[in-house]
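Presented below is the structure to which this report refers.
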Amino acid sequence: MRITVIEHEAEAGLGYFAGWLGLDCEVHRPYLGDEVPARAADGLIVLGGAAAAWEDDRHPWLPATRDLIRRSVEDGTPTLGICLGAQLMTLACGGVVERGAHGLEVGACEVTPLPAAADDPLLSRLDGAATAVQYHQDAMTRLPGGAVPLVTGSPYPNQAYRLGEAAWGVQFHPEATPEIFVSWTRDSGLDAAEELNAAVKAAEDALVATWRPVARAFADVVRTSARA
């Protein structure tokens, strides 16, 4: 069983997920010239990156990535969009993504499951408010039709949703290690970079305890779907 992975930049790879999923991951790097496949394998993960979801002129693989996501959602292929990946899913399936009105959301931030998360195959693992790594300035301001909101937060309420039976978009970064986060802040010009890095490092045990079960649950969905 294989998961197709779309990576948008070297600094935003699979991180923790490379070890947590327990399935082969076929990583496509269109920023290095890899072609975006027309169809995913047994599952699809679309990772984050600094691009805006609508910047097709600067990142010419984005239309093909949105097509891949749309086709995967329609086919019922287990799909997980992370940060930019979630925003691409939102656009691909009829929602709206815009520059966030509240500016950059960054660091170890609190997110809160909504009632629908209690029965969700992935996010039922959340037991109350949780810490998640954030780094985004764009926001999913209207979810696609039929989307089920699963996780909220402040200042951006649409933090995670499910579309159909097996597609999820998460605004935060469950895959991000403290080392990956440091690579994002290193040349960011953020005044509080050292404090933000320290907070993410301090939250490492909580991040692993919270998001490893979610990654493994997604892998279980992929396995179940492939066997069916």
Side-chain angles (χ1 to χ4, degrees), residues 1-9 12-15 17-18 20-31 34-49 51-56 59-97 116-117 120-123 138 140 142-151 158-175 211 214-228:
M1 297 179 189
R2 292 177 299 116
I3 297 176
T4 298
V5 178
I6 305 299
E7 180 185 285
H8 298 284
E9 58 187 59
L14 278 167
F17 275 36
W20 289 351
L21 289 165
L23 293 174
D24 289 338
C25 291
E26 186 177 81
V27 181
H28 299 262
R29 299 177 172 91
Y31 63 96
D34 291 351
E35 186 175 350
V36 175
R39 292 189 179 275
D42 301 302
L44 173 64
I45 294 177
V46 181
L47 294 167
W54 58 82
E55 289 183 325
D56 298 358
H59 308 278
W61 63 87
L62 294 182
T65 304
R66 292 194 299 270
D67 288 344
L68 172 62
I69 294 170
R70 184 185 306 109
R71 193 170 296 116
S72 297
V73 172
E74 291 172 350
D75 291 346
T77 302
T79 299
L80 177 61
I82 294 173
C83 197
L84 172 59
Q87 295 166 1
L88 289 167
M89 180 188 298
T90 301
L91 286 184
C93 297
V96 175
V97 179
D120 184 73
L122 265 57
L123 294 167
D138 300 333
M140 303 179 291
R142 191 182 77 228
L143 299 181
V148 178
L150 298 171
V151 178
N158 290 322
Q159 290 291 335
Y161 69 91
R162 186 181 68 250
L163 192 58
E165 296 298 318
W168 290 266
V170 297
Q171 180 59 78
F172 45 88
H173 285 276
E175 86 296 353
W211 304 115
V214 172
R216 291 179 171 174
F218 180 73
D220 286 343
V221 172
V222 173
R223 292 186 185 96
T224 299
S225 175
R227 288 170 183 148

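Only this structure's heavy atoms are used, side chains among them; waters, hydrogens and symmetry mates stay out. Along the sequence shown, residues are numbered consecutively beginning with 1.
Smallest separation of non-hydrogen atoms from H8 and W61: ND1-NE1, 3.0 Å. Contact record, C93 with V73: SG-CG2, 4.2 Å, taken as the closest heavy-atom pair. Between L44 and A40, the shortest heavy-atom contact is CB-CB, 3.8 Å. Summarising the geometry of A166 relative to G76, their closest heavy-atom pair is CB-O, 4.1 Å, with the distance given to 0.1 Å. When all heavy atoms are compared, the tightest approach of D56 to A53 is OD1-O, 4.1 Å. In terms of heavy-atom proximity, L123 sits nearest to A160 at CD1-CB, 3.9 Å.
R142 contributes no side-chain N or O that, together with a main-chain N or O of G95, makes up a donor-acceptor pair within less than 3.5 Å. With hydrogens and angles disregarded, a donor-acceptor distance shorter than 3.5 Å links the side chain of T79 to the backbone of T77. Checked by atom type and distance alone, the side chain of D34 pairs as donor or acceptor with a backbone atom of R29 at under 3.5 Å. Formation of a donor-acceptor pair under 3.5 Å by the D120 side chain with backbone atoms of L122 is found in this model. Counting only distance, with no hydrogens or angles, the side chain of T4 and the backbone of A41 share a donor-acceptor pair below 3.5 Å.
Contact annotation: the side chain of M89 approaches that of Y161 to within less than 4.5 Å [non-hydrogen atoms, C-beta and beyond]. Contact annotation: the side chain of D67 never approaches that of I69 to less than 4.5 Å [non-hydrogen atoms, C-beta and beyond]. Taking the side chain as every heavy atom from C-beta outward, V170 and C83 never approach each other to under 4.5 Å. Using a 4.5 Å cut-off on side-chain heavy atoms (C-beta onward), H173 and I82 make contact. Contact check for E26 versus V5: no side-chain heavy atoms found under the 4.5 Å cut-off. Looking at L68 and P37, their side chains come closer than 4.5 Å, going by heavy atoms from C-beta outward. Considering only heavy atoms from C-beta on, T224 stays 4.5 Å or farther from V222 through its side chain. Using a 4.5 Å cut-off on side-chain heavy atoms (C-beta onward), L21 and I3 make contact.
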- Query: side chain to side chain contact (heavy atoms under 4.5 Å, CB included) between H28 and E7: does it pass, once the steps are laid out?
  - Reply: CA-CA 6 Å; H28 299 262; E7 180 185 285; over 6 Å; no
- Evaluate salt bridge (charged side-chain N to carboxylate O under 4.0 Å, His left out) for R223 paired with D42, printing each intermediate quantity in order. CA-CA 8 Å; R223 292 186 185 96; D42 301 302; over 6 Å; no
- Audit row: W168, V221, side chain to side chain contact (heavy atoms under 4.5 Å, CB included) steps and yes/no: CA-CA 11 Å; W168 290 266; V221 172; 4.2 Å; yes
- Task: List the steps and the verdict of ring-ring contact (aromatic ring centres under 6.0 Å, His included) for W20 and F218.
- Result: CA-CA 10 Å; W20 289 351; F218 180 73; over 10 Å; no
- Task: Could you go through the side chain to side chain contact (heavy atoms under 4.5 Å, CB included) check for F17 and L47 one step at a time?
- Result: CA-CA 11 Å; F17 275 36; L47 294 167; over 6 Å; no
- Could you walk me through whether L14 and C25 pass the side chain to side chain contact (heavy atoms under 4.5 Å, CB included) test, one step at a time? CA-CA 9 Å; L14 278 167; C25 291; 4.0 Å; yes
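Atoms OG1 and CD, on T90 and Q171 in that order, are 8.0 Å from each other to the nearest 0.5 Å. Atom OG in S225 sits 10.0 Å away from atom CG in D75 (nearest 0.5 Å). Note that CG of L84 and CD1 of I6 are 11.5 Å apart. Values are rounded to the nearest 0.5 Å. Separating the CG atom in L91 from the CZ atom in R70 is a distance of 9.5 Å, to the nearest 0.5 Å.
Annotation for E165: atom CD does not count as buried by contact number, only 12 or fewer foreign heavy atoms lying within 6.0 Å.
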